[in-house]
2 protein chains.
Amino acid sequence: MSNQLEFRHLRYFLAVAEDLHFRKAAERLYISQPGLSRQIKQMENDLGLKLFERHNRKVILTEAGKYLKDEFTRNLKQLEDTINHAKLIHYGKTGQIELGYVGSAMQKLIPQLLMNYRETKPDVVFSLKEMDNKKQINALLNFDIDIGFVRLEEVPKTIEKKCIKSDIFCLVLPEDHSIDKSNFQDLSQLKSESFILFDPEYSESYYTNVLQVFKDSGFMPSVSHLTIHASSIYNLVKNNFGISIVPKSLISNHIKGVKFIELDKIPQRTNLSVVWNKTNRNPLLPELLDLILSKPN
Amino acid sequence: MSNQLEFRHLRYFLAVAEDLHFRKAAERLYISQPGLSRQIKQMENDLGLKLFERHNRKVILTEAGKYLKDEFTRNLKQLEDTINHAKLIHYGKTGQIELGYVGSAMQKLIPQLLMNYRETKPDVVFSLKEMDNKKQINALLNFDIDIGFVRLEEVPKTIEKKCIKSDIFCLVLPEDHSIDKSNFQDLSQLKSESFILFDPEYSESYYTNVLQVFKDSGFMPSVSHLTIHASSIYNLVKNNFGISIVPKSLISNHIKGVKFIELDKIPQRTNLSVVWNKTNRNPLLPELLDLILSKPN
DNA sequence: CTAATTGATTACTCATAGTTATCATTTGTA
DNA sequence: TACAAATGATAACTATGAGTAATCAATTAG
């Protein structure tokens with residue numbers, strides 16, 4: 001079904017939809033009227049719906065036809081823009097950057113970065129893909145992305161890495177928890193709690209880093225839930241399913257029902273790094289890296 | 001240029017872009033390798049750019065090719081969604097409504113209307129077109145739109161009209177103008193000012209209505225600027241190019257640098273009306289009209 | 001050094017887009 | 001009422017070009 005559909009059909013359909021007149025449309029398309037009639041009919045069969053109501057001496061669009069007229073017009077226009085942009089890329093006038101990131105980098109960093117970059121290079125197309133640390137490294141090696149934002153300490157030799165943000169950890173507690181900033185001294189106060197942590201599947205090295213925090217406090221936590229999204233953690237904590245530890249940068253102002261305590265005494269930090277492939281030849285990459293690395297981290 | 005391009009080419013290109021291997025891709029597409037090679041080459045000629053770098057024993061995407069891979073994938077996906085939606089329309093499961101409006105109706109009314117409607121019929125596609133009063137009437141007669149929002153008193157016989165909002169006028173003055181709510185009594189206080197008004201080209205009947213306001217106050221205003229957008233009026237007034245009169249509904253909360261005085265004493269109102277074609281058979285229309293007309297205006 | 005892998009080239013064939021000629025139906029008009 | 005013009009559908013034919021099989025050239029692996 002709808003596998004024989006070609007652009008030709010769309011062009012023909014749009015011509016008829018505009019003129020509502022097969023002969024005129026055929027003339028405008030430089031083909032014969034019977035040929036046009038047949039193509040439209042074939043298209044109708046193919047899509048499994050009637051595009052036109054043929055009355056004795058007039059042709060009108062069906063409801064579905066009206067809808068498709070608008071959508072196909074948009075679609076062809078978009079395709080044309082796409083091709084023009086591809087030509088710009090081909091002739092080195094502009095380009096695109098494929099960017100991978102772990103969810104936590106989307107909080108503030110990447111939106112800001114894109115806004116800054118867009119000021120100087122408004123034509124560049126960004127393609128954003130949320131992926132975990134491992135996937136980003138693989139994607140860099142295959143040139144599927146040009147640049148990544150990861151929480152990793154170790155990367156392969158061909159991958160370059162530069163830390164751009166060092167974050168302290170924060171405790172996440174339900175709003176009415178007995179411990180708060182005034183009486184908190186040490187993590188060991190919480191050894192009997194159950195914890196909600198980021199899934200090690202998502203970032204191995206982040207997980208071991210967090211576990212080290214507990215080890216340093218002299219206990220191993222009982223882990224009740226593993227999750228991938230910070231918002232799930234907040235929800236679970238709010239509803240008393242456990243408590244958690246997250247990097248400070250994952251905290252935004254408007255999170256209701258939980259409270260945070262900064263763990264500024266412990267040595268562990270979670271580092272957000274830019275990573276890229278040394279052998280990547282994307283001409284836009286050096287400038288983008290300059291922009292990122294020139295920032296006061 | 002790029003007029004021979006067909007969906008076939010996109011499908012073939014995407015297959016090769018995914019496999020980076022002509023033979024495997026050809027197999028997957030159930031065609032022979034030479035056929036595939038030729039189609040890709042033809043596509044490259046047609047677009048005027050190289051999609052792949054063919055090395056001795058490996059094929060890689062060019063920058064433009066990478067970009068096109070993403071875009072074409074998106075495009076085909078979108079097209080598929082479009083066709084599925086058209087089928088829903090065809091089988092009467094849902095539909096689309098083409099809606100025309102004068103700019104001033106976009107302020108609050110239409111967004112709210114759409115939000116209300118979407119609650120009950122989330123699948124219906126709205127196609128919004130800003131058009132002046134005359135164009136909307138024509139579009140209704142040609143069934144190019146299903147419903148319109150106009151400021152008109154007279155409409156043709158086949159067009160139905162119902163007033164949904166009656167607005168008083170407001171004076172628009174620069175913030176530091178000597179006249180304000182406390183000392184304003186009558187428009188004739190402003191007979192020596194120059195006025196910025198909506199272009200009669202955009203709405204004849206609105207213009208004559210406004211002129212009647214002045215006539216009733218015993219003077220004809222000197223008109224310094226004509227414009228189509230309310231925001232231009234506010235900007236011009238702010239910068240002391242003149243003062244103006246606008247319908248109250250065009251005023252939003254966050255307009256800086258100007259002040260407004262309601263003209264609640266004068267009899268003129270500017271009416272916003274829904275208009276539709278009696279003979280329109282769009283099955284979604286009656287329900288939409290119900291929703292609009294049931295509202296306390 | 002041979003065998004396997006891979007994309008390009010060449011010469012063929014066959015499916016189908018497009019053509020010409022014609023029909024059926026309707027509408028406007030003499 | 002009859003005749004000419006208009007409009008889309010149908011049928012039979014043609015020719016363009018998508019797809020094929022066979023082969024080549026270049027490279028890599030064992």
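Here is how names work: the chains are called A, B, and so on, in the same order as the sequence lines, proteins then strands, and each is numbered from 1.
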Checklist entry - Counting any heavy atom closer than 4.0 Å, what does B:Lys58 reach on the DNA or RNA strands: base, sugar-phosphate only, or nothing? => result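 Since no nucleic acid heavy atom lies under 4.0 Å of B:Lys58, the category is nothing.
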
Next on the checklist: Applying a 4.0 Å non-hydrogen cut-off, can you work out what A:Tyr12 is touching in the nucleic acid: base, sugar-phosphate, or nothing?
Outcome noted: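 A:Tyr12: backbone/sugar contact only, no base atoms under 4.0 Å.
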
Next on the checklist: I'd like to know whether the aromatic ring centres of B:Phe198 and B:Tyr207 sit less than 6.0 Å apart in this structure.
Outcome noted: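 No, the ring of B:Phe198 stays outside the 6.0 Å limit from the ring of B:Tyr207, centre to centre.
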
Item to check | Nearest-nucleotide 5' precedence on DNA chain D, A:Lys24 against B:Gln39 | outcome: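 Here A:Lys24 is the residue nearer the 5' end.
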
Item to check | Residues forming a ring-ring contact (aromatic ring centres under 6.0 Å, His included) with B:His90, sequence neighbours excluded | outcome: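 So B:His90 forms no ring-ring contact (aromatic ring centres under 6.0 Å, His included) with any residue.
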
Item to check | Listed partners of A:Tyr101 passing ring-ring contact (aromatic ring centres under 6.0 Å, His included), at least two apart | outcome: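 A:Tyr101 satisfies ring-ring contact (aromatic ring centres under 6.0 Å, His included) with no residue once adjacent residues are dropped.
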
Checklist entry - Are any of A:Ser37's side-chain N or O atoms less than 4.0 Å away from OP1 or OP2 of D:dA9? => result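 A:Ser37 to D:dA9 OP1/OP2: side-chain N or O found under 4.0 Å.
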
Could you give the [atom1]-to-[atom2] distance, from [X] to [N], as a whole number of Å?
{"X": "A:His55", "N": "D:dA9", "atom1": "NE2", "atom2": "C1'", "value": "16 Å"}
{"X": "B:Arg38", "N": "D:dA21", "atom1": "CZ", "atom2": "P", "value": "14 Å"}
{"X": "B:His9", "N": "D:dG19", "atom1": "NE2", "atom2": "C1'", "value": "12 Å"}
{"X": "B:Gln42", "N": "D:dT16", "atom1": "CD", "atom2": "P", "value": "15 Å"}
{"X": "A:Ile60", "N": "D:dG8", "atom1": "CD1", "atom2": "P", "value": "13 Å"}
{"X": "A:Arg54", "N": "D:dG8", "atom1": "CZ", "atom2": "C1'", "value": "9 Å"}
{"X": "A:Glu53", "N": "D:dT7", "atom1": "CD", "atom2": "C1'", "value": "17 Å"}
{"X": "A:Arg8", "N": "D:dG17", "atom1": "CZ", "atom2": "P", "value": "11 Å"}

Checklist entry - What one-letter contact string describes nucleotides 22-30 of chain D from 5' to 3', where B marks a base within less than 4.0 Å of any protein heavy atom, S marks contact via sugar-phosphate atoms alone, and - marks no contact? => result B----BS--

Checklist entry - Which is the 5'-most and which the 3'-most nucleotide of DNA chain C that has an atom under 4.0 Å from a heavy atom of chain A? => result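 With heavy atoms of chain A under 4.0 Å away, the range is C:dA17 to C:dT27.
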
Next on the checklist: For A:Glu130, give me all partners under salt bridge (charged side-chain N to carboxylate O under 4.0 Å, His left out), at least two apart in sequence or on another chain.
Outcome noted: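 Partners of A:Glu130 by the salt bridge (charged side-chain N to carboxylate O under 4.0 Å, His left out) criterion come out as none, since no residue qualifies.
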
Next on the checklist: The criterion is salt bridge (charged side-chain N to carboxylate O under 4.0 Å, His left out); which residues satisfy it with A:Lys50, sequence neighbours excluded?
Outcome noted: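 Listed in chain order: A:Glu44.
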
Under 3.5 Å, sequence neighbours excluded: what are the donor-acceptor pairs made by side chains of residues 152-162 of chain B?
none

Apply side chain to side chain donor-acceptor pair (under 3.5 Å) to [X] and list each qualifying residue two or more places apart in sequence or on a separate chain.
{"X": "B:Asp81", "answer": "B:Lys77"}
{"X": "A:Ser37", "answer": "A:Gln33"}
{"X": "A:Gln96", "answer": "A:Glu98"}

Next on the checklist: Let's see if you get this right: which residues in residues 13-21 of chain B place a heavy atom under 4.0 Å from DNA chain D?
Outcome noted: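 Per residue number, the list is empty: none.
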
Checklist entry - Are the side chain of B:Asp123 and the backbone N or O of B:Thr94 linked by a donor-acceptor pair below 3.5 Å? => result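 Looks like no, no N/O pair under 3.5 Å.
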
Checklist entry - Which pairs with one or both residues in residues 23-38 of chain B pass salt bridge (charged side-chain N to carboxylate O under 4.0 Å, His left out), sequence neighbours excluded? => result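 Of all non-adjacent pairs touching residues 23-38 of chain B, those that pass salt bridge (charged side-chain N to carboxylate O under 4.0 Å, His left out) are B:Glu18-B:Arg28, B:Asp19-B:Arg28.
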
Checklist entry - Does a side-chain N-to-carboxylate-O contact under 4.0 Å join A:Glu287 and A:Lys121? => result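 A:Lys121 and A:Glu287: salt-bridged.
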
